[in-house]
Amino acid sequence: MDLAFVSSPSRNTMKVLASVGALSQMLLTPGCRGHKLLLQLYFYTRSGLANSRRMASSSLDQKSRIFAVEPNIYSPNPFYFTCSRGPSAPFMTPKDWPMLDQGGLAFSVCIAKGARVKTASLHKSLGQELSQQLPDSEILRLISYSPENLPGSLEKGFFILPPHSCPDAQKRLCKVLMKYPQGIQLCSYSKGEEHEIWQCLWELNGGAKETARSRVLRVEEPVSSPFVDSIKGSAMFYSLEDACDVLEECSSVIPEAKEVLASVQPHRPLDEGRFPVIVIEGLDATGKSTLTESLRSHLNAALLKSPPDCISQWRTIFDSESALIKRAYYAIGNYIGAAEIAKASKTSPVIVDRFWHSTAAYTIATEMGGGIHNLPDHHHDVYQWPEDLLRPDLVILLTVSDEERIHRIRKRGLQETKEERELEANSMFRQRVEEAYKRMENPACLIIDASPPMAVVLQEALALIKKHCDI
Ligand SMILES: Nc1ncnc2c1ncn2[C@@H]1O[C@H](COP(=O)(O)OP(=O)(O)O)[C@@H](O)[C@H]1O
Ligand SMILES: Nc1ccn([C@H]2C[C@H](O)[C@@H](COP(=O)(O)OP(=O)(O)O)O2)c(=O)n1
C-alpha cells in the first residue's frame with residue numbers, strides 16, 4: 001500500500017471517497033476497524049482514478065461480461081452495459097444512465113451459474129427476500145453474459161435501485177446477501193466526479209470488501225436478445241424430455257414431481273383419433289369456461305383442460321416454485337393432457353380449455369419485460385409448436401377489453417390468484433400475454449372478440465369450427 005499517497009490524498013480522491021462514503025460506512029464489518037477499510041477505499045479509489053488500465057484487468061473485465069437490465073420506468077428497452085475494456089471506449093455518464101441521473105447508488109446482484117434447478121430456486125428465494133427487505137426499492141431483473149458464449153455464460157440476477165430517501169437500503173441489501181456467501185456477485189454503481197459511472201465489485205466473505213473498480217461503458221442493444229436466450233434455457237420447454245429432466249432433478253426436494261412424472265404416458269400420441277380437437281385460449285375471465293361448456297353440449301364433445309385433472313391437485317405447489325419448475329409442470333401437463341385428448345378424440349370432438357399456447361404465451365410475457373415491442377419478433381422460434389406434442393385442429397383465442405375483463409373477474413367473485421391480480425394491475429403484462437398468443441404459429445390462433453353476449457360468441461365459435469374442422 002502506498003502510504004505516502006494515503007497521507008496526502010488529492011482533492012479528487014477525497015471527492016470520490018465522499019461519494020462512496022455512505023457505502024463504506026455501512027459496509028464496515030464488526031471485526032474490521034474503520035481506518036483499515038478507509039485505507040482499502042483509498043487504495044482502490046486511487047487505483048481507479050490513476051490507472052484505469054490496471055483496473056481493466058479486474059476479474060470482471062477479464063470476462064468482458066455484458067449486463068442487461070430489463071425495461072423499466074427509466075428505460076423502455078432493456079439497458080446494456082459493460083466495464084472498461086479499453087481507453088477509447090465511450091464511458092457512460094449518468095445522463096446516459098437515467099437510473100443514476102439524480103445521483104445515489106444502484107446495485108447489481110448476479111447468481112453464479114450452477115445446477116439449474118438449484119440456481120433457479122436460489123434466484124427465486126433471493127428475489128423474494130430482496131422484495132421483502134427492500135420494499136421501496138425498484139428490483140429489476142438483470143442478466144449478465146459473455147457475448148462470445150451467450151447461452152453458456154448467462155447468469156441471472158437483479159438490478160436494485162433504492163429510493164434516495166432510503167439510505168439504509170444498502171445495509172439491508174448486504175444483510176440479505178451475507179446469507180448467501182457462495183456464488184453471489186455484488187456490484188455497486190455510483191457517479192464519479194467527472195460524471196462517469198463507476199462499478200465497484202464487492203467480496204461478501206464474512207464482511208463486505210471492495211475488490212475492484214471499473215468504469216461503466218454503454219453497450220448497444222444486441223441483435224439477438226439475451227432475454228430470449230434466457231427464456232429458452234430456463235422456462236420454455238420444446239420437448240417432453242426437457243421438461244421431465246427438470247422435474248426429475250427436483251423430485252428429491254419436491255416429492256409431488258414424482259407423482260407428476262408417474263402420470264406421463266410412455267407412448268406419445270401425435271395425431272390419433274378421427275374427430276377434431278379444438279382449443280380455447282385467452283386471458284382469465286375472457287369466457288373460456290363459459291364457451292367450452294356451451295361447445296361441449298352443442299357438439300356433443302368431450303371437454304378436457306390443461307393441466308389435466310389427474311395432476312391439478314399439485315398445481316398450487318408448482319405455482320409457488322421457481323419459473324423453471326413451474327413452467328416444467330405446465331409443459332408436462334400439456335403432454336399428459338395430450339394423451340387424454342388423443343383417446344377422447346377417437347369417439348367424439350374434443351374441446352380443450354387452455355393448452356400449449358397458454359404455457360408459451362404466459363412464459364414469454366412473464367420473462368420479457370416492458371411493452372410489446374420487447375417481445376421476440378414475429379416468426380421467432382419461441383412461437384413454434386413443439387414437434388412432439390399433439391397438434392390441435394383449431395385454436396380459438398378469446399379477447400375482450402381490459403375494462404370488461406376486470407368487470408367479469410369482479411362479478412365472478414372467485415378468489416383471484418396472484419397472477420390474476422398482477423394481470424389486473426399490470427396492463428403491459430396483459431398486452432404481452434395477448435400479443436404472444438397472437439404470434440403463435442402452426443397452429444396460429446383464430447381470434448374471436450368475446451365482448452358480445454355469450455350466445456353471439458358461441459355462434460361465432462361454431463361458425464369457425466364449421467369452416468375449419470370436419471364436423
Ligand atoms: N360473453 C360474455 N358476456 C358477458 N359475460 C360473460 C361472457 N362470457 C363469460 N361471461 C362471464 O364472465 C365471467 C368469466 O367467464 P369464464 O367463462 O369463467 O372465463 P374464463 O374461463 O376465461 O376465466 C363469468 O362470470 C361468466 O359468466
Ligand atoms: N396449459 C396451461 C394452462 C395454464 N398455464 C398457466 C399460464 C398461467 O400462468 C396460468 C393461468 O392460469 P389461470 O389460473 O388464469 O387459469 P384458469 O383460467 O383458471 O384455467 O396457468 C400454462 O402455463 N399452461
Side-chain angles (χ1 to χ4, degrees), residues 231 235-237 240 243 260 277 279-296 303-312 314-338 340-341 351-367 382 385-386 389-390 392 395-424 426 429-430 432-434 436-437 440 445 448-461:
I231 295 184
M236 289 285 274
F237 301 94
L240 177 61
V260 173
V277 174
V279 174
I280 308 299
E281 290 284 6
L283 290 168
D284 183 55
T286 46
K288 295 182 298 300
S289 309
T290 309
L291 178 64
T292 51
E293 186 51 45
S294 305
L295 288 173
R296 186 194 64 75
L303 174 53
L304 295 170
K305 63 185 169 68
S306 177
D309 287 337
C310 65
I311 62 160
S312 56
W314 299 299
R315 191 170 173 179
T316 45
I317 293 170
F318 287 96
D319 273 346
S320 66
E321 290 295 333
S322 64
L324 178 76
I325 294 174
K326 173 179 172 175
R327 301 300 175 189
Y329 163 82
Y330 281 109
I332 294 173
N334 292 322
Y335 288 91
I336 297 171
E340 295 181 359
I341 294 168
I351 308 299
V352 190
D353 189 342
R354 292 196 187 274
F355 199 37
W356 163 259
H357 282 5
S358 279
T359 311
Y362 279 80
T363 305
I364 295 166
T366 307
E367 300 294 313
V382 294
W385 192 264
L389 182 62
L390 179 141
V395 183
I396 294 177
L397 173 66
L398 302 182
T399 62
V400 292
S401 69
D402 246 1
E403 300 72 44
E404 173 63 15
R405 211 177 58 76
I406 289 163
H407 171 72
R408 288 182 191 182
I409 289 178
R410 296 210 172 119
K411 211 177 87 197
R412 188 171 59 183
L414 296 176
Q415 208 191 356
E416 284 180 62
T417 63
K418 186 170 153 267
E419 197 173 48
E420 284 157 13
R421 280 196 299 278
E422 190 177 342
L423 273 170
E424 191 175 327
N426 187 342
F429 179 46
R430 182 197 67 75
R432 291 198 300 273
V433 175
E434 207 165 277
Y437 266 132
M440 295 296 166
C445 299
I448 290 184
D449 173 7
S451 319
M454 298 174 201
V456 177
V457 177
L458 173 63
Q459 286 314 313
E460 272 208 52

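Atoms within each ligand, like the ligands themselves, are counted from 1 in listed order. Since this is a predicted model, take the numbers as computed values, not measurements.
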Problem set entry | Ring centroid separation Trp356 to Tyr330 under 6.0 Å | no

Ligand-residue contact atoms, ligand 2 with [X], heavy atoms, under 4.0 Å:
X      : result
Asp284 : 15 (O), 18 (O)
Ser358 : 2 (C), 3 (C), 24 (N)
Thr359 : 1 (N), 2 (C), 22 (C), 23 (O), 24 (N)

Exercise. How does Phe355 reach ligand 2, by side chain, by backbone, by both or by neither, if only non-hydrogen atoms under 4.0 Å count?
Worked result: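 It is the backbone that gets close, since no side chain atom is under 4.0 Å.
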
Problem set entry | Heavy-atom nearest neighbour of atom 6 (C) of ligand 2 within options Tyr329, Trp356, Tyr330 |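 Minimum heavy-atom distance to atom 6 (C) of ligand 2 goes to Tyr330.
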
For this session: Only heavy atoms count here, so choose which of Arg354, Glu281, His357 is nearest to atom 20 (O) of ligand 2.
Result: Arg354

Exercise. Would you say Val260 and Phe318 make side-chain contact, with heavy atoms under 4.5 Å?
Worked result: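 Yes. Closest side-chain heavy atoms under 4.5 Å.
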
For this session: Report yes or no: does a heavy atom of Lys305 sit under 4.0 Å from some atom of ligand 2?
Result: no

Exercise. Exactly which residues line ligand 1, taking a heavy atom under 4.0 Å from it as the test?
Worked result: Leu283, Asp284, Ala285, Thr286, Gly287, Lys288, Ser289, Thr290, Arg408, Arg412, Ala450, Pro452, Pro453, Met454, Val457

Problem set entry | Distance-only donor-acceptor check, side chains Asp449 and Thr399, under 3.5 Å |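 Asp449 vs Thr399: no donor-acceptor pair found between side chains.
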
For this session: Would you mind checking if Arg412 and Asp284 are paired as a salt bridge, meaning a charged N to carboxylate O distance below 4.0 Å?
Result: yes

Of all residues at least two apart in sequence or in a different chain, which pass the side chain to side chain contact (heavy atoms under 4.5 Å, CB included) check with [X]?
X      : value
Ser294 : Leu458
Glu460 : Ile448
Ala450 : Leu398, Val400, Val457

Polar contacts were defined as any N/O atom of the residue lying under 3.5 Å from an N/O atom of the ligand; does this apply to [X] and ligand 2?
X      : answer
Arg315 : yes
Asn334 : yes
Pro307 : no

